[in-house]
Amino acid sequence: MPNIDTYKSIAQKLQEQNVCLVAVSKTKPQEDILALYQEGQRVFGENRVQELVEKQAALPKDIHWHAIGHLQRNKIKYIAPFISLIHSVDSLRLLEEINKQAQKHDRVIDCLLQFHIATEESKFGLSIEEARSLLKSETYQSMQNIRICGLMGMASFVSDQEQIQQEFKTLKSYFDTLQTEFFSQKPAFKECSMGMSGDYELAIQEGSTMVRVGSLLFGRR
Ligand SMILES: *Cc1c(COP(=O)(O)O)cnc(C)c1O
């Protein structure tokens, strides 16, 4: 079961700092989600489409579900009816599919562009050059059913705090640059999704507006 006291103190602190808490419930049972729901938590993050779809169907309908993991294009159709925010957009082709599926449901789906800020090879995400070319493309500019609300990134899995801090600074600088270059007239572009259980305080210090916290709330996976 989740640690309710830990949840309450983190949730309160983040609320005071105006930072959105995404409770990452992947692999955890529905009862655990309901336990935090009963404390007032409404935003939950999942990284697998099938799990997301099953939990959404079974749990209260005022939960805001965030997709935080790498997404395959052929799975977008399953989450398009209900997803609140997709954190992990890392290609124009994926964005095109989100736009297409959102159109079918007559919705606008909020998205974040995921950046590669870690040193590890395996992490998904765009470079700043790739993001610029995506945002300049006619394909992107003609999309009516997606809205880009900011950026997301994951720091390296290292213990070196200075390295992690540097990676967060990099993401924040990309955010500031792209905001100036492409979104100065778009107030919805305001989220910098960075920070997890081990580094969320550092991320907030570096300008995070949205943290994705799993194991600290729900226990080890
Ligand atoms: C699992 C996951 C998290 C949460 O990780 P914790 O260390 O358990 O807080 C955050 N972001 C993404 C993208 C994840 O996959």
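All residue numbers refer to positions in the sequence shown, counting from 1. Indexing begins at 1, ligand by ligand and atom by atom, following the structure's order.
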Distance-only donor-acceptor pairs under 3.5 Å for side chains of residues 66-73, two or more places apart:
{"from": "H66", "atom 1": "ND1", "to": "H87", "atom 2": "NE2", "distance (Å)": "2.9"}
{"from": "H70", "atom 1": "ND1", "to": "D90", "atom 2": "OD2", "distance (Å)": "3.4"}
{"from": "Q72", "atom 1": "OE1", "to": "K75", "atom 2": "NZ", "distance (Å)": "3.1"}

Please work out which of the three classes, parallel, tilted or perpendicular, describes the rings of F189 and F175, given edges at 30° and 60°.
-> parallel
Any residue meeting side-chain hydrogen bond (donor to acceptor under 3.5 Å, both in side chains) with S215, in chain and number order, not counting sequence neighbours = S197
If we only count heavy atoms from C-beta on, is the Q103 to Q144 side-chain gap below 4.5 Å?
-> no
Show the atom names and distances, to 0.1 Å, of all donor-acceptor pairs under 3.5 Å that link a side chain in residues 34-49 to residues at least two apart or in another chain.
{"from": "Y37", "atom 1": "OH", "to": "D62", "atom 2": "OD1", "distance (Å)": "2.6"}
{"from": "Y37", "atom 1": "OH", "to": "D62", "atom 2": "OD2", "distance (Å)": "3.1"}
{"from": "Q41", "atom 1": "OE1", "to": "Y7", "atom 2": "OH", "distance (Å)": "2.8"}
{"from": "Q41", "atom 1": "NE2", "to": "L21", "atom 2": "O", "distance (Å)": "2.9"}
{"from": "Q41", "atom 1": "NE2", "to": "V43", "atom 2": "O", "distance (Å)": "2.7"}
{"from": "R42", "atom 1": "NE", "to": "D62", "atom 2": "OD2", "distance (Å)": "3.3"}
{"from": "R42", "atom 1": "NH1", "to": "Y37", "atom 2": "O", "distance (Å)": "2.9"}
{"from": "E46", "atom 1": "OE1", "to": "K55", "atom 2": "NZ", "distance (Å)": "3.4"}
{"from": "E46", "atom 1": "OE2", "to": "S25", "atom 2": "OG", "distance (Å)": "2.7"}
{"from": "E46", "atom 1": "OE2", "to": "K55", "atom 2": "NZ", "distance (Å)": "2.8"}

Considering only heavy atoms from C-beta outward, does the side chain of V89 approach that of I148 to under 4.5 Å?
-> no
Table of N or O contacts for ligand 1, cutoff 3.5 Å:
{"from": "ligand 1", "atom 1": "8 (O)", "to": "S215", "atom 2": "N", "distance (Å)": "2.8"}
{"from": "ligand 1", "atom 1": "8 (O)", "to": "S215", "atom 2": "OG", "distance (Å)": "2.9"}
{"from": "ligand 1", "atom 1": "8 (O)", "to": "R221", "atom 2": "NH1", "distance (Å)": "2.8"}
{"from": "ligand 1", "atom 1": "8 (O)", "to": "R221", "atom 2": "NH2", "distance (Å)": "3.1"}
{"from": "ligand 1", "atom 1": "9 (O)", "to": "S197", "atom 2": "N", "distance (Å)": "3.0"}
{"from": "ligand 1", "atom 1": "9 (O)", "to": "S197", "atom 2": "OG", "distance (Å)": "2.5"}
{"from": "ligand 1", "atom 1": "9 (O)", "to": "G214", "atom 2": "N", "distance (Å)": "2.8"}
{"from": "ligand 1", "atom 1": "11 (N)", "to": "R212", "atom 2": "NE", "distance (Å)": "2.9"}
{"from": "ligand 1", "atom 1": "15 (O)", "to": "K26", "atom 2": "NZ", "distance (Å)": "2.7"}

